[in-house]
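Excluded from the calculations below are hydrogen atoms, water molecules and symmetry mates; all remaining heavy atoms, backbone and side chain alike, are included. Residue numbers start from 1 in every chain, and the chains themselves are labelled A, B, ... in the order their sequence lines are given, proteins ahead of strands. Everything quoted here is computed from the prediction, not taken from an experiment.
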Number of protein chains: 2
Amino acid sequence: MGLTKTEIFTEKQNKLATMLKAIAHPARIAIIQHLIKAQACICGDLVEELGLAQATISQHLKELKNAGLIQGTIEGTSVCYCIDPKVWKQYKTALEGFFAMEISNNCC
Amino acid sequence: MGLTKTEIFTEKQNKLATMLKAIAHPARIAIIQHLIKAQACICGDLVEELGLAQATISQHLKELKNAGLIQGTIEGTSVCYCIDPKVWKQYKTALEGFFAMEISNNCC
DNA sequence: AAAATACATCGTAATATTGCGATATAAATG
DNA sequence: CATTTATATCGCAATATTACGATGTATTTT
């Protein structure tokens with residue numbers, strides 16, 4: 001046990017859950033917000049900005065990269081990260097779709 | 001370690017992460033979707049609908065309840081669950097706010 | 001080429017999540 | 001009041017996540 005039973009859910013449900021998981025951590029939210037605010041893509045600054053160890057930040061960046069949300073470009077000794085606007089929009093659309101469902105007030 | 005360092009993030013970031021975490025699981029997404037579709041609030045049907053054990057469903061319901069997303073009303077021997085429209089809207093607004101940020105295309 | 005700089009990855013410890021069988025609890029029914 | 005029905009909770013096992021020190025790697029600088 002301890003393993004999510006993805007087989008029993010729809011592809012859409014699994015995908016949405018994976019997307020949400022990618023951003024369901026304060027550090028990753030902070031990273032995303034900083035990447036957006038800083039516009040020009042930063043990298044090692046994140047270690048200073050947030051108070052986490054370099055290894056930890058690197059790990060979070062990797063997860064965001066796996067999710068497709070960010071891109072990293074090597075620039076000399078450093079790596080420049082930035083949001084992928086296309087994937088960002090996909091996320092936005094997917095979540096809008098989920099929350100578009102109307103909730104009826106006549107509850108139990 | 002293994003403990004998220006909530007102290008170093010803003011209240012907003014932590015709250016958003018918690019909200020996302022609550023729905024970042026296919027089973028909970030499926031539960032929410034079924035509760036919305038079934039409109040009239042169902043309960044034990046979820047055990048049949050999804051292929052998870054009763055104890056597992058109950059645990060997911062508890063998490064959704066903790067998140068404030070659903071309400072449970074005792075109705076005889078069973079419990080009727082439904083989405084809380086107010087909290088649902090709060091979620092929607094919070095996520096819209098997050099994804100409202102404009103992404104610049106001039107990346108690295 | 002050696003040293004410095006900036007990241008990534010490895011290994012590990014601590015904690016959290018997922019899932020379920022077994023059992024408890026509470027209301028309805030006979 | 002015993003039984004059934006429906007759900008919650010406990011306890012456990014398996015796996016995942018979070019965090020970080022130590023170390024590896026690649027590029028620049030000296």
So, does B:D84 use its side chain to make a donor-acceptor pair with the main chain of B:Q71 at under 3.5 Å?
no
Considering all heavy atoms of both residues, which atom of [X] and which atom of [Y] are nearest to each other, and what is their separation?
X     : Y     : value
B:K21 : B:R28 : O-NH2, 3.3 Å
B:L50 : B:A30 : CD2-CB, 3.7 Å
A:L61 : A:Y81 : CD1-CE1, 3.6 Å
A:A53 : A:V47 : C-CG1, 4.4 Å

Give the residues of residues 48-61 of chain A touching DNA chain C, defined as any heavy atom closer than 4.0 Å, sorted by residue number.
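Of all residues in residues 48-61 of chain A, the ones placing a heavy atom under 4.0 Å from DNA chain C are A:Q54, A:A55, A:S58.
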Checking all strands, does A:K21 fall into the base, sugar-phosphate, or nothing category for heavy-atom contacts under 4.0 angstrom?
sugar-phosphate
What contact category does B:E63 fall into here, base, sugar-phosphate, or nothing, at under 4.0 angstrom with non-hydrogen atoms?
sugar-phosphate
For [X] and [N], what is the distance between atoms [atom1] and [atom2] respectively, to the nearest whole Å?
X     : N      : atom1 : atom2 : result
A:L3  : D:dA16 : CG    : C1'   : 10 Å
A:D45 : C:dT5  : CG    : P     : 16 Å
B:I70 : D:dA8  : CD1   : C1'   : 13 Å
A:N66 : C:dA8  : CG    : P     : 12 Å
B:K5  : C:dA13 : NZ    : C1'   : 14 Å
A:I31 : D:dA19 : CD1   : C1'   : 13 Å
A:I74 : D:dT28 : CD1   : C1'   : 14 Å

Does atom CD of A:E7 have more than 12 heavy-atom neighbours, drawn from other residues, nucleotides or ligands, at distances under 6.0 Å?
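Yes, CD of A:E7 has more than 12 neighbouring heavy atoms, counting only those of other groups under 6.0 Å.
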Toward the 5' end of DNA chain C, which comes first, A:K62 or A:T6, by nearest nucleotide?
A:K62
Taking only the side-chain nitrogens and oxygens of B:Y81, find out if one of them lies under 4.0 Å from OP1 or OP2 of D:dA6.
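Indeed not, no polar side-chain atom of B:Y81 lies that close.
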Within less than 4.0 Å of OP1 or OP2 of C:dG19, is there a side-chain N or O belonging to B:H25?
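Indeed, a polar side-chain atom of B:H25 lies that close.
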Which nucleotide, C:dG19, D:dA8, C:dA6, lies nearest any side-chain atom of A:S78?
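Looking only at side-chain atoms, A:S78 lies closest to C:dA6.
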Geometric class of the B:H25/A:F9 ring pair [parallel <30°, tilted 30-60°, perpendicular >60°]
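It falls in the perpendicular class, over 60°.
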